[in-house]
Amino acid sequence: MTSLKSDFLQILTEREFIHQVTDLEGLDAKMAAKEKEGPISAYIGFDCTGTSLHVGSLVQIMMLRWLQKCGHKPIVLLGGGTTRIGDPSGKDESRKLLTDADIANNMNGIRTIFDQFLTFGDGTADASMVNNAEWLDELEYINFLRDVGTHFTINRMLTFDSVKLRLDREQPLTFLEFNYMILQAYDFMELGKRYDCSLQMGGSDQWGNIVNGMELGRRAAGLSLFGLTTPLITTADGKKMGKTAEGAVWLNEEALPAYDYWQFWRNTQDADVGKFLRLFTELPLDEVRRLEALEGSEINEAKIVLANEATKMCRGEDAARKAHGTAKETFEKGGAGADLPTVNLDREQFETGTNIVDLFVEAGLGASKGEVKRLIKQGGAKLNDTRVENADVSVDLGSFEENQIKLSAGKKRHALVKIT
């Protein structure tokens, strides 16, 4: 690759963020000239389909963070308007339509995540948060179709992966969803006009949508725009980043306790440690190379560093320190760990006894009774660090010490049950 002049693109290249760029040399020159012409603005869009984002969005968030650290201005675009439709990219079926109240509630939850990663304010490189309802809610549909729709052909739109996926699998794609790519392109043009935003970034599945926006901006408003995408991040076993047997790994504390977040990173596969240290921490690359070269049991040192750094960035230094301390208490000393995930249950249900299988399900350590029974049969279930021998065990008040018991599913998943 050509030697890069801009710090931002150099960092993204070295840390393996980049999949595609529309005009690498042009973008590099524009960003390198920031000292003379001022920082450039770049955006990534996030639809508000839930109250939290998950780690699948973390690559994009980290790009915005590096953008700001290199002196440029990040724009977080929240899809208050487009969430009403739902992005069909990578989906086999239509999203559930959300009410305006749902979207507003989700937006409030998502806002808090970015406060951990970015500095917001009125400075030239301070981040901004923008809601695309600002312009989409004002659209007059016929005028919009006349002015914008003429720049898109059905022929080309049918070649987009988000459309082909549905059609190839004979899954319905509504006309409402079909409009999404036009609205996303319109977002890019409006951000260019209103906020002097010249770069859109996103995942590799957004490449077609980004190029659409660049072309619309050029044709309809004479804008010079750029696009950059990241590769799909998968784990060493080929699974999509952030998808676990227990569900999504959420970024908000309310959706996932800090200890569980820390444990997710601590449980990284050996082969992924180096990649994740590059993408999800700000450790110097020399240190990353040292850590990823560790072998055998020593690789656990690197995993703990990864867990501490990633948790500190997302949840704060205090949360990372407590999570690490809880893990040490749990694994090294055999203790309960005060910050373990906790479920509070009524004392009454234990007066006559509660089946151990039901208790594991209530504590979130099994998705179903069948899963817990298999865990017990394989010897992976423990009650107060003692192996559960069969699925007929009844847990009563005599099992509790200081009104709590510890449940373990395998070596890495634990929960406290407290009675009130």
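Since the structure is predicted, the reported quantities are computational estimates derived from the model, not experimental observations.
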Angle between ring planes, Y259 versus W262, binned at 30° and 60°: parallel, tilted or perpendicular? parallel
Margin query: With a 4.0 Å cut-off on N to O distance, would you call D126 and K73 a salt bridge?
Written below: no
**Item:** SB check K275 E16 (cutoff 4.0 Å)
**Value:** no
query = Is the shortest side-chain N to carboxylate O distance from E301 to R290 below 4.0 Å?
reply = yes
_We want to know whether D7 and Q10 form a side-chain donor-acceptor pair, criterion being a heavy-atom distance below 3.5 angstrom._
no
> Any side-chain donor-acceptor pair under 3.5 Å between D47 and T49?
Replying inline: no
Answer whether the closest heavy-atom distance between the side chains of Y186 and L136 falls below 4.5 Å. yes
Closest heavy-atom pair, F360 versus K382, reported as atoms and distance to 0.1 Å, is CZ-O, 3.7 Å
On a heavy-atom basis, the closest approach of M214 and T22 is SD-CG2, 3.3 Å
Q. Is the closest side-chain heavy-atom distance between K312 and R321 below 4.5 Å?
A. no
Show your reasoning for whether side chain to side chain contact (heavy atoms under 4.5 Å, CB included) applies to F117 and L58.
CA-CA 10 Å; F117 290 88; L58 201 50; 3.7 Å; yes
Beyond-backbone contact of L12 with L228, side-chain heavy atoms, under 4.5 angstrom = yes
When you look at L279 and F17, which way does the side chain to side chain contact (heavy atoms under 4.5 Å, CB included) test go after all the steps?
-> CA-CA 7 Å; L279 292 172; F17 278 89; 3.9 Å; yes
Under a 3.5 Å threshold, yes or no: a donor from one side chain and an acceptor from the other, between T82 and N132?
yes
Closer than 3.5 angstrom, by distance alone: can the side chain of N267 be matched with the main-chain N or O of Q263 as a donor-acceptor pair? yes
| Has the side chain of T83 got a donor or acceptor atom that lies under 3.5 Å from a matching backbone atom of C48? | yes
### Message
Has E309 got a side-chain atom pairing as donor or acceptor with E282's backbone, closer than 3.5 angstrom?
### Response
no
Are F188 and Y43 near enough that their ring centres are under 6.0 Å apart? yes
For N209 and M181, the nearest pair of non-hydrogen atoms, with its separation, is OD1-CB, 3.3 Å
Exactly one candidate in T281, V288, I233 meets side chain to side chain contact (heavy atoms under 4.5 Å, CB included) with F276; the answer is I233
- Under 3.5 Å: donor-acceptor pair, side chain of N300, backbone of S297: yes
Worksheet item: Are a donor atom and an acceptor atom from the side chains of Q269 and D237 found within less than 3.5 Å of each other?
Response: yes
For the backbone of G80 and the side chain of N131, can you confirm whether one donor and one acceptor N or O come within less than 3.5 Å of each other?
yes
Heavy-atom check, side chain of S128 versus side chain of F120, under 4.5 Å | no
In terms of heavy-atom contacts, A42 and L67 come closest through CB-CD2, 3.7 Å
>> Quick one about D102 and T99 (side-chain donor to acceptor, distance below 3.5 Å, no hydrogens or angles considered), yes or no?
In response: yes
Q) Distance only, no hydrogens: is a donor on one side chain within 3.5 Å (strictly under) of an acceptor on the other, for Q206 and Q200? A) no
Nearest heavy-atom approach of I113 to N252 is CG1-OD1, 2.7 Å
dist S198:OG -> H72:NE2 (nearest 0.5 Å) comes out at 9.5 Å
message: Has D23 got a side-chain atom pairing as donor or acceptor with G26's backbone, closer than 3.5 angstrom?
response: yes
Do the side chains of V55 and M241 get nearer than 4.5 Å, heavy atoms only?
yes
Given V343 and K418, is the side chain to side chain contact (heavy atoms under 4.5 Å, CB included) satisfied, shown in steps? CA-CA 6 Å; V343 57; K418 294 186 177 182; over 6 Å; no
(message) Strictly below 4.0 Å, N to O, side chains only: are E190 and K193 in salt-bridge contact?
(response) yes
TODO: Indicate yes or no: at least one non-hydrogen side-chain atom of R65 is less than 4.5 angstrom from one of I61.
DONE: no
Here the gap from L306 atom CG to L291 atom CG, rounded to the nearest 0.5 Å, amounts to 9.5 Å
With side chain to side chain contact (heavy atoms under 4.5 Å, CB included) as the test, would you mind laying out the steps for M31 and L9 before giving the verdict? CA-CA 8 Å; M31 300 192 87; L9 291 176; 4.1 Å; yes
Value for CZ (F46) from CG (L78), rounded to nearest 0.5 Å, stands at 8.5 Å
Smallest heavy-atom separation, G379 atom then R387 atom, equals CA-NE, 3.5 Å
For atom CD of E317, decide whether the heavy atoms of other residues, nucleotides or ligands shown that lie under 6.0 angstrom number more than 12. no
Are R111 and D115 within salt-bridge range, i.e. N to O under 4.0 Å? no
Separation between CG (D272) and NZ (K303), nearest 0.5 Å, reads 9.5 Å
- Task: Check whether any side-chain heavy atom of V372 sits under 4.5 Å from a side-chain heavy atom of V361, and report yes or no.
- Result: yes
State whether K30 and E37 are salt-bridged, where the test is any N-O pair (Lys NZ or Arg NE/NH1/NH2 against Asp/Glu carboxylate O) under 4.0 Å. no
Ionic contact status for R278 with E14, cut-off 4.0 Å: no
Notebook entry, point to check: Between the side chains of W135 and D187, is a donor N or O closer than 3.5 angstrom to an acceptor N or O?
Noted result: yes
When rounded to the nearest 0.5 Å, the distance separating CG of L216 from CZ of R219 is 8.5 Å
> Do the side chains of F280 and V59 get nearer than 4.5 Å, heavy atoms only?
Replying inline: yes
Check your understanding: Does D196 CG have over 12 foreign heavy atoms under 6.0 Å away?
Key -> no
In this structure, CG of L277 is separated from CH2 of W265 (nearest 0.5 Å) by 9.5 Å
Under 3.5 Å, is there a donor-acceptor pair between the H19 and S204 side chains? no
- Message: Checking side-chain polar atoms at under 3.5 Å, does W250 have a donor or acceptor matched by the opposite partner on D260?
- Response: no
